[in-house]
Peer 1: 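Okay, handing you the structure first.
Keep in mind the model is a prediction, meaning the values are calculated, not measured.
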Amino acid sequence: MSKIETAIKWMEDTANDDSHGYDQINRWGPDYDCSSAVITAWQMAGVPVKSRGATYTGNMYGVFKKCGFEDVTSSVNLATGKGLKRGDVLLNKVHHVAMFCGGMKEVEASINEKGKAIGGLKGDQTGREFLIRRYRNYPWNCVLRYKESTSQKSKEVSQKTVAAAATHFEPSAKNGVYFAVDDRKVKSSLMLRTDVKDNANNKIIGRLLPGERVIWYGYYKLDNNGAEWVYVTNGKKTGYCAKAYLC
């Protein structure tokens, strides 16, 4: 899955999960405001916009452009949405930001249940604090589009080839399932590997921290004891980890 698709799917999944609402104070999860949501989506997809300093609508434009985004405003009709592509960042540099979903829809963190920016309850109380809605010109100042590099696309093809060689595939998970590293079982870190632990070809390629979120697209293997090892990504690394330590 491309970084673009990973980012927009994170937005859509979060909008469809009522444990995530809107708040401008506690804004980095589980509740978000408009900018922290979009920043988190791309950071989760492996584009280091938060690491590079994006914190609010006022500095997103500059940081996003340094991280591989292009300003494609001139090729889009903001009034109608013609020319927009799935994953485009819709930015008003002062007031608001959202992402385009395709099908003339956008996804965004909007407002809390009181119609205010702060002071609401945790989670989505109305179903519209973090939502998918019909596209409208907010009005937007610009449209930013991420450009996947050739090396990134080659890496994704390689990852798909590895995944295709997995012993099993669960069709119900083909569109992505979120897990988190279970902090009740993992106190330090969970190894991310190229294969199951008891396979001689496996190598440790990374470590997942307690509470860190990963996405599973359905590929998994069984080790010699019959335990499941799922093929997941955290947006930076992709490999196998033991499903028993995820929740």
Side-chain angles (χ1 to χ4, degrees), residues 1-20 28-30 32 40-48 50-51 86-87 107 122-124 130 148 151-247:
M1 182 175 287
S2 70
K3 290 183 179 181
I4 293 172
E5 186 58 30
T6 301
I8 187 62
K9 193 170 188 308
W10 184 92
M11 289 287 288
E12 291 173 327
D13 289 348
T14 305
N16 289 323
D17 182 348
D18 286 345
S19 67
H20 304 287
W28 294 106
Y32 300 89
T40 299
W42 287 103
Q43 184 79 17
M44 288 287 291
V47 183
K50 185 178 180 183
S51 301
R86 181 168 165 83
V107 57
K122 185 181 294 185
D124 195 335
F130 199 134
E148 301 276 2
S151 61
Q152 175 61 31
K153 290 179 179 179
S154 297
K155 180 180 178 182
E156 288 159 5
V157 171
S158 176
Q159 290 173 349
K160 288 178 181 178
T161 301
V162 174
T167 305
H168 303 284
F169 176 69
E170 175 53 60
S172 65
K174 66 180 180 179
N175 293 321
V177 173
Y178 281 96
F179 284 113
V181 178
D182 193 340
D183 57 11
R184 296 167 298 180
K185 298 178 180 178
V186 179
K187 299 305 179 184
S188 178
S189 62
L190 177 63
M191 302 299 184
L192 191 64
R193 301 173 181 271
T194 57
D195 210 320
V196 301
K197 187 175 181 179
D198 56 14
N199 188 318
N201 296 319
N202 103 80
K203 296 180 181 179
I204 297 173
I205 56 174
R207 296 173 183 270
L208 303 173
L209 300 178
E212 184 171 359
R213 297 182 80 190
V214 296
I215 307 173
W216 174 52
Y217 296 108
Y219 297 99
Y220 68 99
K221 289 186 176 182
L222 303 178
D223 64 19
N224 291 336
N225 295 315
E228 287 188 25
W229 288 71
V230 287
Y231 191 73
V232 301
T233 180
N234 65 353
K236 298 177 182 179
K237 299 284 187 177
T238 304
Y240 285 94
C241 68
K243 188 177 182 182
Y245 294 97
L246 302 177
C247 61

Peer 1: Count the heavy atoms belonging to other residues, nucleotides or ligands that lie under 6.0 Å from CZ of Arg207, then report whether that count exceeds 12.
Peer 2: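 Open: at most 12 neighbouring heavy atoms sit under 6.0 Å from CZ of Arg207.
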Peer 1: Is Tyr231 close to Thr238 at the side-chain level, that is, under 4.5 Å between some pair of heavy atoms?
Peer 2: yes
Peer 1: Please evaluate residues Val181 and Leu246 with respect to the criterion side-chain contact (heavy atoms from CB on, under 4.5 Å), reporting the C-alpha separation (whole Å), side-chain torsions for both, the decisive distance (0.1 Å), and the verdict.
Peer 2: CA-CA 5 Å; Val181 178; Leu246 302 177; 4.1 Å; yes
Peer 1: Only counting residues at least two apart or in another chain, list the ones meeting salt bridge (charged side-chain N to carboxylate O under 4.0 Å, His left out) with Lys243.
Peer 2: Glu228
Peer 1: How far does CH2 of Trp229 sit from CG of Asn199, to the nearest 0.5 angstrom?
Peer 2: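 Reported value, rounded in 0.5 Å steps: 10.5 Å.
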Peer 1: Does Asp198 have any side-chain contact (heavy atoms from CB on, under 4.5 Å) partners at least two apart in sequence or in another chain, and if so, which?
Peer 2: Val196, Asp223, Asn224
Peer 1: Hey, what do you get for OH (Tyr240) to CZ (Arg193), rounding to the nearest 0.5 Å?
Peer 2: 13.5 Å
Peer 1: Can you name the side-chain hydrogen bond (donor to acceptor under 3.5 Å, both in side chains) partners of Asp182, sequence neighbours left out?
Peer 2: Arg184
Peer 1: How would you list, by chain and number, every residue that makes a side-chain hydrogen bond (donor to acceptor under 3.5 Å, both in side chains) with Lys9, sequence neighbours excluded?
Peer 2: Asp13
Peer 1: Can you tell me if Lys187 uses its side chain to pair, donor with acceptor, with the backbone of Asp183 under 3.5 Å?
Peer 2: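 Between the backbone of Asp183 and the side chain of Lys187 there is a qualifying donor-acceptor contact (under 3.5 Å).
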Peer 1: Testing the basics here: between Cys241 and Val232, what is the closest heavy-atom pair and its distance to 0.1 Å?
Peer 2: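 Taking every non-hydrogen atom into account, SG-CG2, 3.9 Å.
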Peer 1: Please examine the side chains of Ser189 and Leu208, heavy atoms only from C-beta on, and report whether any two atoms are closer than 4.5 Å.
Peer 2: no
Peer 1: List in chain and number order the residues that pass side-chain contact (heavy atoms from CB on, under 4.5 Å) with Ser51, two or more places apart in sequence or in another chain; answer none if no residue qualifies.
Peer 2: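 Scan of Ser51 (side-chain contact (heavy atoms from CB on, under 4.5 Å), adjacent residues dropped) gives Gln43, Pro48.
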Peer 1: Work out which heavy atom in Leu190 is nearest to a heavy atom in Ala242; give both atom names and the distance.
Peer 2: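 Minimum heavy-atom separation between Leu190 and Ala242: CD2-O, 4.4 Å.
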Peer 1: Looking at every heavy atom in both Trp28 and Lys50, which two are closest together, and how far apart are they?
Peer 2: CE3-NZ, 3.6 Å
Peer 1: List the atom of Ser2, the atom of Glu148, and the distance in Å for their closest heavy-atom pair.
Peer 2: CB-OE2, 3.4 Å
Peer 1: Less than 4.5 Å apart, any side-chain heavy atom of Tyr178 and any of Trp10?
Peer 2: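 Yes. Closest side-chain heavy atoms under 4.5 Å.
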Peer 1: Side-chain contact, heavy-atom cut-off 4.5 Å: Val107 with Thr14?
Peer 2: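 No, side chains not in contact.
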Peer 1: Kindly write out the residues that satisfy side-chain hydrogen bond (donor to acceptor under 3.5 Å, both in side chains) with Arg86, not counting sequence neighbours, or none if the list is empty.
Peer 2: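 Testing Arg86 for side-chain hydrogen bond (donor to acceptor under 3.5 Å, both in side chains), a comparison that skips the adjacent residues, returns Glu5, Glu12.
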Peer 1: Go through the structure and list residues passing side-chain contact (heavy atoms from CB on, under 4.5 Å) with Val177, not counting sequence neighbours.
Peer 2: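 Val177: side-chain contact (heavy atoms from CB on, under 4.5 Å) contacts with Ala173, Phe179, Trp216.
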Peer 1: Please find the pair of heavy atoms, one from Ala180 and one from Gly211, that lie closest to each other, and give the distance.
Peer 2: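 Answer, listing the atom of Ala180 first, then Gly211: CB-O, 4.0 Å.
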Peer 1: Indicate yes or no: at least one non-hydrogen side-chain atom of Trp42 is less than 4.5 angstrom from one of Ile8.
Peer 2: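 No. Closest side-chain heavy atoms not under 4.5 Å.
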Peer 1: Rounded to the nearest 0.5 Å, what's the gap from OG1 on Thr233 to CE on Met44? Could you check?
Peer 2: 9.0 Å
Peer 1: Side chain of Thr194, backbone of Lys203: donor and acceptor closer than 3.5 Å?
Peer 2: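 Looks like yes, one N/O pair under 3.5 Å.
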Peer 1: With a 3.5 Å distance limit and no angle check, can you tell me whether Lys122 reaches the backbone of Pro30 through a side-chain donor-acceptor pair?
Peer 2: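 Not confirmed, Lys122 side chain does not pair with Pro30 backbone.
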Peer 1: When you measure from the side chain of Asn234 to the backbone N and O of Lys237, does any donor-acceptor pair fall under 3.5 Å?
Peer 2: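 The answer is yes, because a donor-acceptor pair under 3.5 Å joins these two groups.
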Peer 1: How far apart are the closest heavy atoms of Pro210 and Ser188, and which atoms are they?
Peer 2: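 Between these two residues, the closest heavy atoms are CD-O, 3.2 Å.
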